[in-house]
Amino acid sequence: MAPVSPELISPRSSRVAAARRLAKRNFRGKERLFLAEGPQAVREAATHRAGDGAPLVELFATVEAAERYADIIGAARDAGARVHLASEDVIADISTTVTPQGLVGVCRFLDTPFAEILAARPRLVAVLAHVRDPGNAGTVLRCADAAGAEAVVLTDASVDLYNPKAVRASVGSLFHLPVAVGVPVEQAVTGLRDAGVRLLAADGAGDRDLDDELDKGTMGGPTAWVFGNEAWGLPEETRALTDAVVRVPIHGKAESLNLATAAAVCLYASARAQRAVGGCRSVTDS
């Protein structure tokens, strides 16, 4: 079991400097490490188990946080992570948030090869094509997790999955389901279709209405929703690759829905249809 450092780690420590550098994408890619901040993310990082064990490899905690979250410190030690006691100044130096919560973890990359996702024959997938805002990417990942999706795919034109804002916005869901990154849009669509998945583009100008599709009973099979850029949606060439372009109906006077809200509506619509009689999931599935 990895020990807790007996003294506060120095701000000049090489370990602190290495963690601080992970706020930058090029260092994250080089080291294949990223930061997880706050008790929820760190707890998930410590308790999640993958092929190489828990992704958490190192944890920095203030004395107060170590006392308050003793269960997380214990889980981190059980996972084999090195735990450092740190001053609030050190945590603030490493953290990318305005108000740090006293815990910052260093984690191994978690992305899953796209081929593995296809081999698992997923029934519900979120594809993020050209999504550039890290907060939106993390929130869609959280929505996909909550709706019971089996995977998320980020295309090569989308934001870095391990951007600190994306990790925070996922609120731990990053550790719950497979995520493939850097997949070209055409490869993502072709691969999923060959795996028996229907591709639906979510677009406010879609020629099909989500309510109508639900009423017609077309939503019960394996489905991948393709979500586009926050500002300009999906380009025509991407929409043309999908099986249908579906709009979320606006029943009130709102001009539109933001990306994360639209994603939640679409994913939950599929989840409900798949769990209904005749859908591809049993109504007792969790």
Side-chain angles (χ1 to χ4, degrees), residues 1-113 134-135 137-138 141 154 158-175 179 181-182:
M1 197 180 296
V4 175
S5 301
E7 299 178 355
L8 293 177
I9 191 168
S10 168
R12 295 183 296 275
S13 163
S14 61
R15 302 310 312 149
V16 173
R20 185 190 309 120
R21 286 196 294 268
L22 296 177
K24 298 182 178 180
R25 182 171 187 170
N26 59 331
F27 283 103
R28 291 195 297 270
K30 180 180 178 181
E31 302 296 332
R32 289 193 60 79
L33 296 171
F34 69 98
L35 297 176
E37 303 181 40
Q40 178 64 22
V42 172
R43 180 181 287 108
E44 299 298 329
T47 57
H48 175 78
R49 292 295 182 268
D52 297 328
L56 183 68
V57 297
E58 198 164 17
L59 176 60
F60 298 86
T62 63
V63 173
E64 180 183 359
E67 293 174 351
R68 179 182 301 176
Y69 304 111
D71 60 323
I72 298 177
I73 300 300
R77 296 185 66 195
D78 290 344
R82 178 77 184 187
V83 179
H84 305 283
L85 296 179
S87 67
E88 291 184 1
D89 288 342
V90 167
I91 294 297
D93 192 34
I94 298 172
S95 175
T96 62
T97 63
V98 177
T99 54
Q101 294 178 275
L103 296 173
V104 181
V106 175
C107 306
R108 286 189 291 267
F109 275 17
L110 292 162
D111 43 282
T112 300
L141 199 157
L154 275 73
S158 288
V159 70
D160 175 22
L161 171 67
Y162 302 109
N163 180 294
K165 291 183 180 178
V167 176
R168 286 198 302 274
S170 80
V171 197
S173 288
L174 172 62
F175 301 99
V179 183
V181 301

Checklist entry - Measuring from Leu103:CG to Glu64:CD, what's the distance to the nearest 0.5 Å? => result 10.5 Å

Next on the checklist: List the residues meeting ring pair (Phe, Tyr, Trp, His ring centres under 6.0 Å) with Tyr162, not counting sequence neighbours, and say none if there are none.
Outcome noted: Phe34, Phe109

Checklist entry - Once you round to the nearest 0.5 Å, how far does NZ of Lys24 lie from OG1 of Thr96? => result 13.5 Å

Next on the checklist: I'd like to know whether CZ of Arg68 has more than 12 heavy-atom contacts from other residues, nucleotides or ligands below 6.0 angstrom.
Outcome noted: no

Next on the checklist: Using a 3.5 Å distance criterion without hydrogens, assess whether the side chain of Arg168 forms a donor-acceptor pair with backbone atoms of Asn163.
Outcome noted: no

Checklist outcome for this item: Value for CZ (Arg43) from CD1 (Ile73), rounded to nearest 0.5 Å, stands at 10.5 Å

Checklist entry - Looking at Val167 and Ala36, what are the two nearest heavy atoms and their distance? => result CG1-CA, 4.2 Å

Checklist entry - Closest approach of Ala41 and Phe175, non-hydrogen atoms and distance? => result O-CE1, 3.6 Å

Checklist entry - Hey, are the side chains of Val179 and Leu110 touching, using non-hydrogen atoms and a 4.5 Å cut-off? => result no

Checklist outcome for this item: Nearest heavy-atom contact between Val16 and Pro11 is CG1-O, 3.8 Å

Item to check | Minimum heavy-atom distance Ser170-Leu141, with the two atoms named | outcome: CB-CD2, 4.4 Å

Checklist entry - Is a side-chain donor or acceptor of His84 paired with a backbone partner of Ile9 at a separation under 3.5 angstrom? => result no

Checklist entry - Can you tell me how far the CD1 atom of Ile91 sits from the CG atom of Asp93, to the nearest 0.5 Å? => result 9.5 Å

Checklist entry - Does Glu31 use its side chain to pair, donor to acceptor, with the backbone of Leu22 at less than 3.5 Å? => result no

Checklist entry - Which pair of non-hydrogen atoms, one from Gly105 and one from Leu56, has the smallest distance, and what is that distance? => result CA-CD1, 3.7 Å

Next on the checklist: Once rounded to the nearest 0.5 Å, what's the spacing between atom CG of Leu33 and atom CZ of Arg21?
Outcome noted: 11.0 Å

Checklist entry - Distance from Thr47 atom OG1 to Asp71 atom CG, nearest 0.5 Å? => result 10.0 Å

Checklist outcome for this item: Test side-chain hydrogen bond (donor to acceptor under 3.5 Å, both in side chains), reference Ser95, set Glu37, Gln101, Arg20, Glu88, output is Glu37

Item to check | Charged N-O contact under 4.0 Å between Asp111 and Arg32 | outcome: yes

Checklist outcome for this item: Correct closest heavy-atom pair for Ala19 and Ile94 would be CB-CG2, 4.0 Å

Next on the checklist: I'd like to know if the side chain of Arg82 reaches the main chain of Leu59, judged simply by a donor and an acceptor atom lying under 3.5 Å from each other, with no hydrogens or angles considered.
Outcome noted: no

